[in-house]
Amino acid sequence: MHDPAAAAAGAVGIEARFRVDYPDFALDVDLRLPGRGVSALYGHSGSGKTTCLRCLAGLEPAARGRLSVNGQVWLDTQAGIALPTHRRPLGYVFQEASLFPHLTVLRNLQFGLKRVPAAQRRVDLDQAVELLGIGHLLARMPAGLSGGERQRVGIARALLASPRLLLMDEPLASLDVARKQEILPYLERLHDELDIPVVYVSHAPQEVVRLADHLVLLEAGRAIASGPIAQTLARLDLPLAMAEDASVVVSGTVAEFDPAYRLMSVRLPGSASRLRVVHAPLPPGSTARLAVKARDVSVALARPQGSSIVNVIPVRVLDMAPAGNPDHILVRLDADGTLLLARITRYSRDQLGLAPGVPAWAQIKAVSVLA
Amino acid sequence: MHLDSSDFAAIWLTVQLASLTTLLLLVVGTPIAWWLARTRSRLKGPVGAVVALPLVLPPTVLGFYLLVTMGPHGPVGQATQALGLGVLPFTFAGLVVGSVIYSLPFVVQPLQNAFEAIGTRPLEAAATLRASPRDCFFSVVLPLARPGFITAGILGFAHTVGEFGVVLMIGGNIEGRTRVVSVQIYDHVEALEYAQAHWLAGGMVAFSFVVLLLLYTRRRSTPLW
Amino acid sequence: MSVLRIPLFLATLAVSASAAAGEVQVAVAANFTAPMQAIARQFEQDTGHKAVAAFGATGQFYSQIKNGAPFEVFLAADDDRPARLEAEGQTVPGSRFTYAVGALALWSAKPGYVDDQGAVLKQNAFRHLAIANPKAAPYGLAATQLLARLGLAEAVGPKIVEGQSIAQTQQFVATGNAELGFVALSQVYKDGKLTAGSAWRVPASLHDPIKQDAVILAKGQDNPAARAFVDYLKGPKAAGIIESYGYQVVAH
């Protein structure tokens, strides 16, 4: 899924090096993002993620550096190249949709579409409308839409500019939980059906876990991590793992479905191990994206018998680190290539004598299916 | 009605003056207002203050300096003479120049406020949708600032109609050329022709009231200036 | 007794001082500005009374006085307005008299532009001729009469620009915006000669006399300083000043 060779073959990728100096903030990043899929810029507010996104868009006139998107150079301060925003084939979704208040939804959608020469158009109106489910809103004015509807129109509008790079700045941040749940499936569809690389800014772990293929962690204007999501989430040296609800992302292939117990079986890549979860059946053979919280994983030296925990798989201890409080430890486990995190007490570690290289069994109490 | 042909000539002249001045101000004032709304240069304060000067200066001061600078010994007058245009005082063109300066803040300030109210977000959104700055100005800024344009036009027009001090200083009271309604009223009063003065003055009050009524009732229905 | 003597002494001084030093509010036609300032200085020196003057257009003063302006004496630029005020009961009856007869001058700020016969008018080579608004200022009226008398009204008509007062008329000419104009002689004349530029002293026979009348207004009725001023105005010292500015003084 995150095979570097595949990424290289598919697209050249995004090389972004930015330097911005403001009186009270400085951004200094050097990123390599895949040329496909969703890359998330994740961090607290003030970490620089929106500034970084704006630099990608060319909206920060003070930015210096170099930006190349799948082979096209958009910025090269040394070479004197600086494509203005309106010449960059991108799409941008703002936090509050920012639809033009004087235009109907339809006119808003056509705004970017009209300005792309017909030969370069890759997305047509019907496609975008259908993808975002906004067909019934076309004649309305933005003021008459709900927050969720506005955001969907904003996403469709950005897509209709036939972007080669889609930038999204916390598109769900201003929505309530119900609206968020409403839109996330659309974003997942975007991810699956369109071949446009997306850079997605968020400070919400749930969104990142659900959508991202690549994760960049920003702190105080610097990127402290950048890598495929599964690996990065499982790193012990980042603050990510120490969060209360730290999770890892696991991708697998849907195998069987047991209708009697509604148990879906997902096979882990490169392994005979399976994870079973109660869920509506997904098409067999399709990819399933799962999340497993560190606090839902426990470790045993011997395979437990007679336990109500359904998922028990063989693993090997990779390494361990303090969990942010003095009494707990995070253990990074390897299940034939799939990485898991377990959060256990120091006492247990010492009792079990856990150390790197020790074979063990991971008991996974809860698995959530993301997509 | 006691009004005679010279009164109607004054009214017509005033309408022409106000219309031409307003038109010119909308054309000239828009780039100034746009720059003032968007710039972060250190010149913003001084330029804004200069634009606002006519709000504060007595019209007679303005008129006096116009008389001197546009006259044959002043810099502007020497330039117009060199161009073969004669001097501007006592001409309709001179009144237009004076009115444009005098009513400048009444047009620039509403426009500037309207542009500032739009903010940067719609402009950034338009740029991400392939609109060049010029394209963005015509397809996003102008429609959103339309109420501001209407306000600016109404205020500019009404203010020029009421102009007196400046016209007095540089007009020369020539019928059909520089004798506007405000001066005509003044003349009637001086000559003790009170009936005509009442008619003209009353007409001006009614006109101003209607204009301001239009302006103020509009404001409630359109949120953006 | 001694305790009271000093304050009593001071009080009598004050009373006698106020009895001696009065103030009078005078509205003065713009063309008489310079002579009035000179007369007021002399008046204060000689009598101790203070004449506080406001200068402006006769027509404006007329409207203001009718509407209750606090003037006590009015020095107009014509005889018409004071007569009206008298007819309307706004004055002290019998106090009206002609304090000066105005002289018209065709003046230009450029030396040598206006010849002393006024032939430059007939030559009509100028762009603008400034006069005071005839409806509002008697000097303007006199100028139009003169032009009619000389048969130049039609020829010169389109070039006329009107100043709202004689002072503004002079401004038009002084700044060069009008090459020449009809002003009050007193505005450009002192002690027998021109103060600047060139001029033609218009013979009085060529227009109706510009009789400038003064009158004590109703508000000044009980003010001894008002009566004192008017008497001074009729006196020889004032006459000398008035004539030095080019006016004629009528014998009283």
Side-chain angles (χ1 to χ4, degrees), chain B residues 4 6 10 59-61 63-78 80-81 84-92 94-95 98 164-180 182-194 196-198 201, chain C residues 29-30 56-67 76-78 80-81 83-85 87-88 108-110 113 126-138 140-141 144 156-181:
Chain B
D4 62 22
S6 77
T60 40
V61 168
F64 175 66
Y65 280 119
L66 281 173
L67 186 67
V68 170
T69 46
M70 297 198 299
H73 306 302
V76 174
Q78 292 186 328
T80 53
Q81 284 182 306
L85 298 169
V87 286
L88 287 173
F90 315 136
T91 62
F92 181 73
L95 280 197
F164 179 65
V166 175
V167 175
L168 203 59
M169 295 302 280
I170 61 171
N173 203 9
I174 303 167
E175 179 166 343
R177 238 198 288 162
T178 62
R179 188 181 292 168
V180 293
S182 49
V183 174
Q184 181 78 327
I185 294 173
Y186 183 69
D187 277 358
H188 282 313
V189 170
E190 287 284 292
L192 311 172
E193 294 159 0
Y194 289 132
Q196 277 168 292
H198 277 306
Chain C
T58 299
Q60 239 171 27
F61 282 135
Y62 169 75
S63 304
Q64 288 171 351
I65 289 166
K66 269 189 72 171
N67 286 294
D78 60 1
D80 173 64
R81 246 63 80 118
R84 280 186 199 252
L85 286 173
E88 288 157 4
S108 171
K110 276 194 274 199
Y113 189 84
F126 44 83
R127 244 196 313 241
H128 294 118
L129 170 72
I131 68 172
N133 186 337
K135 280 203 215 169
L141 183 62
T144 50
V156 157
K159 302 189 181 182
I160 288 181
V161 293
E162 290 176 11
Q164 285 303 326
S165 67
I166 201 71
Q168 196 189 26
T169 309
Q170 195 204 1
Q171 214 174 60
F172 283 156
V173 181
T175 54
N177 283 291
E179 291 93 329
L180 73 180

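Sequence lines set the chain letters: A, B, ... in the order given, protein chains first and strands last, and positions in each chain run from 1.
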Novice: Report, as yes or no, whether the 6.0 Å neighbourhood of atom CZ on Phe164(B) holds more than 12 heavy atoms from other residues, nucleotides or ligands.
Specialist: yes
Novice: For the residue pair Phe90(B) and Val161(C), what are the closest heavy atoms and their distance?
Specialist: CG-CG1, 3.4 Å
Novice: Heavy atoms only: give me the nearest Gly176(C)-Pro72(B) pair and the separation to one decimal.
Specialist: O-CG, 2.9 Å
Novice: What part of Ile174(B) gets within 4.5 angstrom of chain C, counting heavy atoms only: side chain, backbone, both, or neither?
Specialist: side chain
Novice: Against chain B, work out which of Arg84(C), Arg127(C), Gln60(C) has the most heavy-atom pairs shorter than 4.5 Å and name it.
Specialist: Gln60(C)
Novice: What distance do His128(C) atom NE2 and Thr91(B) atom OG1 have between them, rounded to the nearest 0.5 Å?
Specialist: 7.5 Å
Novice: Report which part of Asn177(C) has an atom under 4.5 Å of a heavy atom belonging to chain B: side chain, backbone, both, or neither.
Specialist: both
Novice: Using heavy-atom distances under 4.5 Å, tell me whether Pro134(C) contacts chain B through its side chain, its backbone, both, or neither.
Specialist: neither
Novice: What part of Ala130(C) lies closer than 4.5 angstrom to a heavy atom of chain B: side chain, backbone, both or neither?
Specialist: neither
Novice: If I measure from the heavy atoms of chain C, does Glu175(B) come under 4.5 Å with its side chain, its backbone, both, or neither?
Specialist: neither
Novice: Can you tell me which portion of Ile131(C) sits under 4.5 Å from chain B's heavy atoms? Options are side chain, backbone, both or neither.
Specialist: neither
Novice: Do the non-hydrogen side-chain atoms of Gln164(C) and Asn173(B) ever get within less than 4.5 Å of each other?
Specialist: yes
Novice: For the CG atom of Asp187(B) and the CD atom of Glu162(C), what is their distance to the nearest 0.5 Å?
Specialist: 7.0 Å
Novice: To the nearest 0.5 Å, how far apart are CE in Met169(B) and CD in Gln171(C)?
Specialist: 4.0 Å
